[in-house]
Amino acid sequence: MGVVIAVISGKGGVGKTTTTANIGLGIAQNNKKCVVVDFDIGQRNLDMILGLENRVVYDMVQVMEGESNLKQALIKSKANKNLRFLAASQTKDKSILESSKIEKLIRALKREFDFVILDAPAGIESGYEHTIEFADAAIVVVNPEVSSIRDADRAIGILDSKSAKVKNGGEVEKYLIINRIVSDMVQSGEMLRSEDILDILDISLLGKIPEDRGIVDASNQGKPVILDKDSLAGQAYKRVCDRLCGEKVEMKDVENNDKGIFKKLTGMFK
Amino acid sequence: MQGNQYSVKVYETEISDEQKFMTFFDSNYALFQNHLIVIKGELSQRVETYLKEKSLKYIHNVDLPKGRIKTSIRKSLEADLESEKIQNLAKQKEADERLEAQKAENFLSQQIAEEKLAELSGRLENNLKVLDGRIRSGRELNIEGDLLLLNRVNSGATINTSGNLIATMDVEGAIRCNGNFMMLTASPKANIVFNGVVVDNTLLEDKLNRVELEDNKIKITPVLKKEINWA
């Protein structure tokens, strides 16, 4: 049986979908069978970021309604054979979701895969509640800014009260990814430090992802940044995936700009 | 004149059945050997010889002074002195009694006060809610009674209490307290309304502050001063 991880944030635009795509691919690179599911019904993006938009024939809603079987709807990734993708419906909206059907779908995916990653929609409405309902764990993505932290806090609160695991007396494990860290801004105090964020949210830290200009292009190209070995964000996502797969990887301090002496010198002559 | 004063243990009894009396004394001899035995009513020859045999000290039909002995001693004093002193004594006694009565009354009222206090603290205990977990954004708490918060109140959370509030960690959410006092840490981001009055949270600058209402004005007193870092 696999583990179901929901990627949540509360606020939109903090990098949930990018994180989902990169984590899915990273886990597949670690030779684990992984499926990423886009739960953002009506506003799907994950297919584009994974570069699979032209392969979508059947979507999740059609599988749940019995119009197609699961095997047909699972799309194989171009980048890694261990990764599968299940698209959200673009024409329906989230009111179509039903708990019993979601549970059946997730059970089926759990049997097939080691990791089931659910990309939650932004906000805290029914679509979000359905995503977290059957999750075993959650990855909370935040940006180092107050509005993102507050929305994430709210999302965690709902997770702690509405998930099926909590209702059965269990606890959903929650991990934090701090995304889009700009080291200079943290140093100058414009951006929140990760210690402050952890103090507010009180969940365990899974990784810190530095801001990377390459991410926009990577998303447009449909090639997640983790495929780029030179990218700082890609390396950070790699460390996150290794941690998820049970390896002990040291937390790299991306908040301190560790510019080498050579870079410092070149910087002086710019 | 010289004399010695003693306190003596006395066992006073009336004999109805001689045999019973003797077996009782036989079995309890160790207890009574140093007692003065006072026999009331009839004292037969047989019992007397028995007591002498056991070398127990006994007296027959003596009305021993019990309780307040002083009055009986006064009787032997001269008449003038006696009456005066008795009067004084009576006064003293009266005063004593009054004092005693008052003491008893005080004791009673104290007892009542204590009982009331216990009742009150019992009520406080029942009504004091202690929350350990952090209050996350979007959560709204409505507390009847007092509240003790042991963790953070995050931005976007709301807490309403009818009683007093003590927060031991950072407060960034909204607080509506209608009690007699609040204890808060320095909370620059909090939104605090105390008994309908908005609290200027820039005034909460110390490590722990007490907020009270005095003549319809907010009064903030530092409880714990800021920690000074000498480094």
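Naming convention: chains lettered A, B, ... in sequence-line order (proteins, then strands); numbering from 1 in each chain.
Rounded to the nearest 0.5 angstrom, A:Ile149 CD1 and B:Glu172 CD are separated by 10.5 Å. With rounding to the nearest 0.5 angstrom, the CG atom of B:Asn154 is 4.0 Å from the CG atom of A:Asp153. With rounding to the nearest 0.5 angstrom, the OG atom of B:Ser137 is 5.5 Å from the CZ atom of A:Arg150.
Dense packing is recorded around CG of B:Asp26, with more than 12 heavy atoms of other residues, nucleotides or ligands lying under 6.0 Å away. Taking a 6.0 Å sphere around CE of B:Met183, one finds it holds more than 12 heavy atoms contributed by other residues, nucleotides or ligands. Counted within 6.0 Å of CD on B:Glu212, heavy atoms from surrounding residues, nucleotides or ligands total more than 12; the atom is thus considered enclosed. Within 6.0 Å of atom CD in A:Glu195, more than 12 heavy atoms from other residues, nucleotides or ligands are found, so the atom counts as buried in its surroundings. Atom CZ of A:Arg180 has 12 or fewer neighbouring heavy atoms from other residues, nucleotides or ligands inside a 6.0 Å radius.
The choice from A:Ile158, A:Ile200, A:Val146 that makes the most heavy-atom pairs within less than 4.5 Å of chain B is A:Ile200.
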### Message
Show, in sequence, the C-alpha distance, side-chain angles and deciding distance for B:Arg136 and A:Asp160, and conclude whether the side-chain contact (heavy atoms from CB on, under 4.5 Å) test is met.
### Response
CA-CA 10 Å; B:Arg136 294 199 185 271; A:Asp160 278 342; 4.1 Å; yes
#### Entry: B:Arg152 vs A:Asp199, salt bridge (Lys or Arg N to Asp or Glu O under 4.0 Å): CA-CA, chis, key distance, verdict
CA-CA 9 Å; B:Arg152 290 178 59 100; A:Asp199 206 29; 3.7 Å; yes
